[in-house]
Amino acid sequence: MPVRSGTQLSRKLGQKKQRRTSEAEQHQSPPGASQTPPPKEPRLDLPMTLGPQRSIYFSNRPARLGLEFFDQPPVSLAQAFLGQVLVRQLDDGTELRGRIVETEAYLGPEDEAAHSRGGRQTPRNRSMFMKPGTLYVYLIYGMYFCMNVSSQGDGACVLLRALEPLEGLETMRQLRSTYRRASTGRALKDRDLCSGPSKLCQALAIDKSFDQRDLTKDKAMWLEHGPPQPREPAVVAAARVGIGSAGEWAQKPLRFYIQGSPWVSVIDRAAERDAQV
DNA sequence: ACGCAGATGTCCT
DNA sequence: GGACATCTGCGTT
């Protein structure tokens, strides 16, 4: 859902460093994951007509999005993520689904708010420099995780900030509660399941072991086209959250969210007013 | 509704 | 040693 015209198909691959094959395979299956493949879906009749988003083989589920989706500049990828569905398959086969409603773009070396500012490359942020679709998961404040997806452009990526939970809500609630103090026994509201970058990591059981995995190939997580919407949703561009010390870069409108969605983590009324002139 | 302190590990100066 | 792409629970309007 383009808010602005972005470069579409005329891009060149291979701007990022090649990932070694051994690493790719090493991260295919998480440590502790069940060795046996998850139970197969019940056999379903093939639909009479097959849409372009659906696999022609043995499934009526939407196909996972591939490299051609992730290989675009960070701003257009951040916008393209909105409305797509993130799927997490747990070790027991349970599938959790959430529609992405809020993202942030981190542009790379020139972006003072990015971990890759100045071209810094460390063991922690190495996945920012890997091929588009690679996950960058890091620990923040000693106890939380944030999940990014590498985009086109060295050191550029997109932070996933909020999801609209679609499937597996009770499991998400359970996963979220595990990390909270047991003193308050109140169940979390649906809105509190995935409305924040670290909340969604808790709800989908995403931790450091997902760092450097390939979202186009990983067995435990992938991205699907979101269901068609009756209307093209309005997208708000606002300042990014939690990067106060990044000078002028803190003000740039590099956070994107679906206007009116109750699942967004931080609403920016001023940005919404400015946008509707 | 909003504000603030505290929790807690890792990276980087 | 300080900062950190955060969240929670408890306090005050």
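Numbered from 1 within each chain, the chains take letters A, B, ... in sequence-line order.
A straight line from NZ of K199(A) to P of dA5(C) spans 18 Å, rounded to a whole angstrom. The nearest whole Å value for the distance from the CG atom in L193(A) to the P atom in dT8(C) is 10 Å. Atom C1' of nucleotide dT8(B) and atom OH of Y138(A) are separated by 15 Å, given to the nearest angstrom. Rounded to an integer number of Å, the gap from Y136(A) OH to dA5(C) C1' is 9 Å. One interatomic measurement links the two molecules: CG of N148(A) to C1' of dC4(C), which rounds to 14 Å at whole-angstrom precision. Between the CE atom of M147(A) and the P atom of dC7(C) there is a distance of 15 Å, given to the nearest Å. Whole-Å rounding puts the Y144(A) OH to dC7(C) P distance at 7 Å. Between the CZ atom of R117(A) and the P atom of dA5(C) there is a distance of 7 Å, given to the nearest Å.
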Practice item. Go through V137(A) and C146(A) one step at a time and tell me if the side chain to side chain contact (heavy atoms under 4.5 Å, CB included) criterion holds. Key: CA-CA 6 Å; V137(A) 179; C146(A) 288; over 6 Å; no
Exercise for review: Evaluate the salt bridge (charged side-chain N to carboxylate O under 4.0 Å, His left out) criterion for residues R97(A) and E224(A): first the C-alpha distance (whole Å), next the side-chain angles of each, then the deciding distance (0.1 Å), finally the verdict.
Suggested key: CA-CA 10 Å; R97(A) 280 186 161 72; E224(A) 293 174 355; 2.9 Å; yes
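Where DNA chain B pairs in unbroken runs of 3 or more (Watson-Crick or G-U, both distances under 3.5 Å), the stems are B:1-7 with C:6-12, B:9-12 with C:1-4.
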For nucleotides 9-12 of chain B, give me every protein contact, N/O to N/O, under 3.5 Å, one pair per line with atom names.
residue: dG9(B); atom: O4'; partner: G142(A); partner atom: O; Å: 3.2
residue: dC12(B); atom: OP1; partner: T122(A); partner atom: OG1; Å: 2.9

Just the atom pairs and distances: protein N or O near nucleotides 2-5 of chain B's N or O, under 3.5 Å.
none

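Taking the six-membered ring for Trp, F69(A) and F81(A) have ring centres closer than 6.0 Å.
The two residues M128(A) and S116(A) have their closest heavy-atom pair at CE-OG, 3.5 Å.
With R161(A) as the partner, the side-chain contact (heavy atoms from CB on, under 4.5 Å) test is satisfied by one option alone out of S195(A), S265(A), C194(A): S265(A).
Put simply, the side chain of L204(A) reaches to within 4.5 Å of the side chain of L86(A), judged on heavy atoms. Between N125(A) and Y136(A), some side-chain heavy-atom pair lies under the 4.5 Å cut-off. Contact of the V85(A) side chain with the L223(A) side chain is not registered, since no non-hydrogen atoms from C-beta on lie closer than 4.5 Å.
Residues K131(A) and D214(A) are paired through a salt bridge, judged by an N-O separation under 4.0 Å between the basic side chain and the carboxylate.
Within the structure, a side-chain polar atom (N or O) of R161(A) is placed less than 4.0 Å from OP1 or OP2 of dT6(C).
A cation-pi arrangement, defined by a distance under 6.0 Å to the six-membered ring centre and an angle within 45 degrees of its axis, is present between R240(A) and Y106(A).
To the nearest 0.5 Å, the span separating OG on S177(A) from CE on M172(A) amounts to 13.0 Å.
Among the nucleotides dT6(C), dT8(C), dA5(C), the one closest to any side-chain atom of R176(A) is dT8(C).
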